[in-house]
Amino acid sequence: MQSAAGIAAAAMAGCQGDGGSGGGGGGSIDPVQDRVEVTPSEIQEGGSFRTAVGANPDTFEFAESTSAQASIMHNLIFEGLTTTSASGEIYSWLAESYERVDVQEASPADYTDYMTTAPYAEGEEGAVFIDTDKQIVIQDPDNPDSPSGGDEARILTVDEAADAVADGTYGMHFQFQLHEGVTFHNGEEMTADNVVASYNRLQNSSLSGQVYDSLLHIAADGDYTVDLYAQTPDAAAIRELGEFPIYPSEITDNLELGQMDPRQGNTPLGTGPFQLAEFANEDFVRFTAFEDHWFETGMKDWFDGPSEFPNGPAVDEVDISIIPSDAQRSAALQNDEIDMAFGLTASTLTNYQESDGFRTAPTNGAGYTFMQFPVRQEPWTNAKLRRAVNKLIPRQTISDEIFQGWEKPAWVPLPPLAAGAGSTDYDAMVENLQSYNTYDTEEATQLAQEAVDEMGIETPIEVTLETNSDNDDRVRTVELIAESMNQTEFFDVTVNTKEFLTFISQLLSENYWEEGKLAFIGLSGGFNPHGYAKSVHHPDNFAQCCNFQNIDIQDLNQQLREARYGVDVVEDASSVPSATRRSGRPSSNRTPTPTGPTAHW
């Protein structure tokens, strides 16, 4: 955790304010701070619900999306086998039920007899990669550590995984029993074959690093039974794999990955309570209620709410405007053009909270903003220099003056929302690690001087610090960090801002890390504690979310594995899944706690 917070990525202002110090929060948590009781019989049905987001959806192709704001729209259309409550419990959803059938010892070495070979190749920039079009599931532990073009790698791909499962070689086996009679938006009935085809769509996608760190194989057993196998015993398997969207065969059989988008001439289809009705690029998106949505409260034995609870959407339409400006979203709310706005500046939120005419609904956030160093480019290969910058970040000042307490300092790279499954004593972890992330100009000066002396470089060091331009509070935060760094003799910092999707497209390129820039962005995650540190630091997520600086720290990689994988970890009562979330996606603004199947930057 020291490496995560103090060396490779410096976590910044964290979750939305909880009225306390922001340091604690372990244990069971209901993130809704001001919950309003609603009497179902008094719900007025019909009409339109109007809201706004700050960025155009990058794509409606779920597996290729890298935007937290797009996930708000995805959650209306798509559903998964499981779902998660606002306080983190996993529930069966499209699956009527599921069970863990088996867990057994398995490691990557156990799959070597099933592996095939593929050559290493060298890219234009000199990077060496395994040259195969197949989704790689597991690599041979004995593959060369520093391969050259022309060397051979032994790999298990999706084509060989079924043979291993047939022989009983796997780590975990889950079985899902699907609800019968669930229909997609095009009228097709959902079957086990749809589930398998939908998961196969994740191969070589922008989410593949978050999927194939666990998934080994998935297969249909008849029309309504799905068998899912994990590579090794994995405490986060259901968290990682349970909520991916299920599509009809009209999508999986006919559209290549990336084409399920109205801008490609194709309407996204799922089983969700709403279906896409109209999309005006850069302007608005309109969804209409799906009249044949399958859900009824009586279908779920876990439902303990009132009998009057609506079985389907209470509104006929959801209209989402695309309004990049924080101020313009606020103006739209005041002018009664929308019913809800989020991602506003902290000062605007405070004004609304103090107004009698509006209701603010703060929640404990599922993520943090962070600055990531180009750790493989000079002079940032020096850990002391990175630590020096980290000690120049005035986290508490940022929280107090820019965010006015709406966000708290992130002393560790794990928000309190995920603390219950992430640590046996979250407060102790914060106490032990907070000193690495506190503002201290004297210690920063000492570390920077030692680094400069060791490297023999001249000062000031020219630094480019980048973030997205469409978040006013984030820009102010970066400017304050730059000011703090420039007050020393060691740094000459220039702030560079870009439109969110432009910035994200550059971060996701395979050569961003070579530019030597410091990147500041937000990670919106969920209840899965593993996702935060891994998203930002693990090579599985290079050029995906969120390792855009090609970080590969072997000791940290091993610690992440030991915290998640193994029969003893799976069977530890403290690591029983409490929620299903993937690792992460980029966030252009603070986002509400995710209650659908996503966790984004």
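Here the side chain of His74 pairs no donor or acceptor atom with the backbone of Glu61 at under 3.5 angstrom. Although no hydrogens or angles enter the test, the distance criterion places no donor-acceptor pair under 3.5 Å between the side chain of Arg474 and the main chain of Ile521. Ser71 places a side-chain N or O within donor-acceptor distance of the main-chain N or O of Ala68, the cut-off being under 3.5 Å.
Residues that satisfy the ring pair (Phe, Tyr, Trp, His ring centres under 6.0 Å) test with Phe176, not counting sequence neighbours, are Tyr98. Under the ring pair (Phe, Tyr, Trp, His ring centres under 6.0 Å) criterion, Phe174 pairs with no residue at all, not counting sequence neighbours. For the salt bridge (charged side-chain N to carboxylate O under 4.0 Å, His left out) test, no residue two or more places apart in sequence or in another chain qualifies with Asp58. Here Glu466 pairs with Lys498, Lys517 under the salt bridge (charged side-chain N to carboxylate O under 4.0 Å, His left out) rule; sequence neighbours left out. Qualifying side-chain hydrogen bond (donor to acceptor under 3.5 Å, both in side chains) partners for Gln139, counting only residues two or more places apart in sequence or in other chains: none. Gln104 meets the side-chain contact (heavy atoms from CB on, under 4.5 Å) test with Asp102, Tyr170; sequence neighbours excluded. Applying the side-chain hydrogen bond (donor to acceptor under 3.5 Å, both in side chains) criterion to Thr502, with sequence neighbours excluded, gives Glu499. Residues that satisfy the side-chain hydrogen bond (donor to acceptor under 3.5 Å, both in side chains) test with Gln353, not counting sequence neighbours, are absent from this structure. Thr348 meets the side-chain hydrogen bond (donor to acceptor under 3.5 Å, both in side chains) test with Thr345; sequence neighbours excluded. In terms of the salt bridge (charged side-chain N to carboxylate O under 4.0 Å, His left out) criterion, residue partners of Glu443 (sequence neighbours excluded) are, by chain and number, Lys391. The ring pair (Phe, Tyr, Trp, His ring centres under 6.0 Å) check on Tyr565 picks up nothing, with sequence neighbours excluded. For Tyr212, the ring pair (Phe, Tyr, Trp, His ring centres under 6.0 Å) test picks out no residue, with sequence neighbours left out.
Side-chain contact between Lys300 and Ser92: present, with at least one pair of heavy atoms (C-beta onward) separated by less than 4.5 Å. Inter-residue side-chain proximity for Trp380 and Leu385 is flagged as met; some heavy-atom pair is nearer than 4.5 Å. Contact of the Met371 side chain with the Leu465 side chain is registered, since non-hydrogen atoms from C-beta on lie closer than 4.5 Å. Counting heavy atoms from C-beta outward, Glu79 and Pro273 have side chains that approach closer than 4.5 Å. Side-chain contact between Gln210 and Lys534: absent, with no pair of heavy atoms (C-beta onward) separated by less than 4.5 Å. The shortest distance between side-chain heavy atoms of Phe548 and Ile504 does not fall below 4.5 Å.
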Before you tell me yes or no, could you show the steps for Ser208 and Gln544 under side chain to side chain donor-acceptor pair (under 3.5 Å), namely the whole-Å CA-CA distance, both residues' side-chain angles and the distance that decides it to 0.1 Å?
CA-CA 9 Å; Ser208 61; Gln544 297 186 15; 3.0 Å; yes
Evaluate side chain to side chain donor-acceptor pair (under 3.5 Å) for Arg387 paired with Asn437, printing each intermediate quantity in order.
CA-CA 9 Å; Arg387 290 189 178 117; Asn437 299 310; over 6 Å; no
Test side chain to side chain donor-acceptor pair (under 3.5 Å) on Gln396 and Asp400; report intermediate values, then the result.
CA-CA 6 Å; Gln396 192 63 57; Asp400 295 341; 3.1 Å; yes
Between Asn547 and His538, is a side chain to side chain donor-acceptor pair (under 3.5 Å) present by the stated rule, with each step listed?
CA-CA 7 Å; Asn547 181 2; His538 199 279; over 6 Å; no
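Checked against the 6.0 Å centroid criterion, the rings of Tyr247 and Phe62 do not qualify as a close aromatic pair. A centroid separation of less than 6.0 Å is found between the aromatic rings of Trp93 and Phe295.
Taking all atoms of both residues into account, the shortest heavy-atom contact from Phe503 to Phe520 is CE2-O, 3.5 Å.
A salt bridge between Arg564 and Glu240 is present, with a side-chain N of the basic residue lying under 4.0 Å from a carboxylate O of the acidic one.
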